[in-house]
Amino acid sequence: MTSRAPGKRVRKAPAERRTEIVTTAARIGLTEGLECITLRRIADELGVQPGLVGHYFRAVDDLVAEAFSHATMTELDGLLPPRTGAPLDTFRRFFGLISSTEFDDVSQLWLNARHLSRYRPVLREHVVSQELLWCRRLEEVIAAGAAAEVFRCADPWGAACRVLVAIDGASAYINTSAEMRRAPIAGMPRAVAEAELGLERGALTAD
């Protein structure tokens, strides 16, 4: 009787394995909550030993923070790609997306992260960093629109910050008041942006 040698396990490159871990953690954080991210849970999802995940992330807080940044940055690039399209069309698309139910997971993630960041300093640093990145991305579109005289805005950075606060304010109701938030609250960020950019009411509504 001949014996059969076990197949060789394919060892992934460190960068590939780390990306796999972060991507998996980001998916769990986005769909289930950041509290659900543990080294064992990620190991089970990937079919590896927890020690392997621990090799890349000594503390789970580091993985949670990086997973949050990965998820929110991926969403930002999808919602508001850098330097693409006409400013007015870019914002119409952006506000259409964030007012839809497709944005609910991201809203819940931000709410979740802001709560946990009170107790987790590493996550707090990532939350602040992502807030600045989102503001800068908004500012770029506003500044481009102002330069093209499509928008009337003397302070793109200030306008971007106020628009982001309006988005966060509307998102704060994501887990409550589901019936009333859809129509009266979901359109608030768009209305704030229109006022900040000197546009007529409804100018940022997608056709």
Side-chain angles (χ1 to χ4, degrees), residues 26 29-30 34 65-118 120 122-148 150-177 181-206:
L30 193 61
L34 295 171
E66 193 155 334
F68 165 76
S69 289
H70 178 84
T72 53
M73 199 65 211
T74 299
E75 290 297 327
L76 177 59
D77 286 340
L79 292 165
L80 202 62
R83 299 183 184 86
T84 58
L88 193 60
D89 291 338
T90 297
F91 267 170
R92 282 174 176 164
R93 176 181 178 274
F94 173 72
F95 286 107
L97 288 171
I98 66 168
S99 63
S100 71
T101 55
E102 294 178 15
F103 191 64
D104 285 358
D105 282 350
V106 186
S107 296
Q108 290 170 332
L109 181 66
W110 274 101
L111 197 62
N112 186 200
R114 286 200 170 97
H115 169 68
L116 291 179
S117 66
R118 180 180 179 183
R120 302 186 182 189
V122 178
L123 178 59
R124 182 166 59 247
E125 291 177 4
H126 281 246
V127 168
V128 171
S129 178
Q130 285 299 306
E131 286 174 345
L132 290 173
L133 286 172
W134 280 59
C135 273
R136 291 297 182 198
R137 191 70 61 86
L138 289 166
E139 180 193 28
E140 288 176 5
V141 180
I142 295 171
V150 176
F151 303 148
R152 296 192 303 277
C153 181
D155 180 16
W157 172 251
C161 291
R162 288 186 286 273
V163 169
L164 186 62
V165 168
I167 293 171
D168 289 339
S171 298
Y173 291 86
I174 189 66
N175 293 325
T176 60
S177 308
R181 75 177 174 83
R182 188 48 46 197
I185 296 179
M188 186 184 73
R190 181 190 290 113
V192 170
E194 289 165 348
E196 288 286 342
L197 304 179
L199 299 173
E200 293 183 359
R201 188 68 180 266
L204 294 180
T205 301

For D77, all residues meeting side chain to side chain donor-acceptor pair (under 3.5 Å), sequence neighbours excluded: R137

Listed by chain and number, what are the ring pair (Phe, Tyr, Trp, His ring centres under 6.0 Å) partners of F94, not counting sequence neighbours? none

Rounded distance [0.5 Å steps], [atom1] in [X] versus [atom2] in [Y]:
X: R114; Y: E131; atom1: CZ; atom2: CD; result: 4.5 Å
X: L111; Y: Q108; atom1: CG; atom2: CD; result: 8.0 Å
X: E125; Y: R120; atom1: CD; atom2: CZ; result: 14.0 Å
X: L79; Y: F95; atom1: CG; atom2: CZ; result: 11.0 Å
X: L133; Y: L76; atom1: CG; atom2: CG; result: 7.5 Å
X: L88; Y: R93; atom1: CG; atom2: CZ; result: 14.5 Å

Using atom types as modelled and distance alone, determine if a side-chain donor or acceptor of H126 lies under 3.5 Å from a backbone N or O of S69. no

Determine yes or no for a side-chain-to-main-chain donor-acceptor pair under 3.5 angstrom, with E194 supplying the side chain and L204 the backbone. yes

For the residue pair [X] and [Y], what are the closest heavy atoms and their distance?
X: R190; Y: T205; value: CD-OG1, 3.6 Å
X: E196; Y: V163; value: CG-CG2, 4.5 Å
X: L30; Y: E75; value: CD2-OE2, 4.0 Å
X: L164; Y: C135; value: CD2-SG, 3.4 Å
X: F103; Y: L97; value: CB-O, 3.6 Å
X: L197; Y: C153; value: CD2-CB, 4.3 Å

I'd like to check W134 versus T72 (side-chain heavy atoms, cut-off strictly below 4.5 Å). Are they in contact? yes

Within the 4.5 Å heavy-atom criterion, are P87 and F151 side-chain neighbours or not? yes

Taking the six-membered ring of W157 as reference, does the cationic atom of R136 (NZ for Lys, CZ for Arg) lie under 6.0 Å from its centre and within 45° of its axis? yes

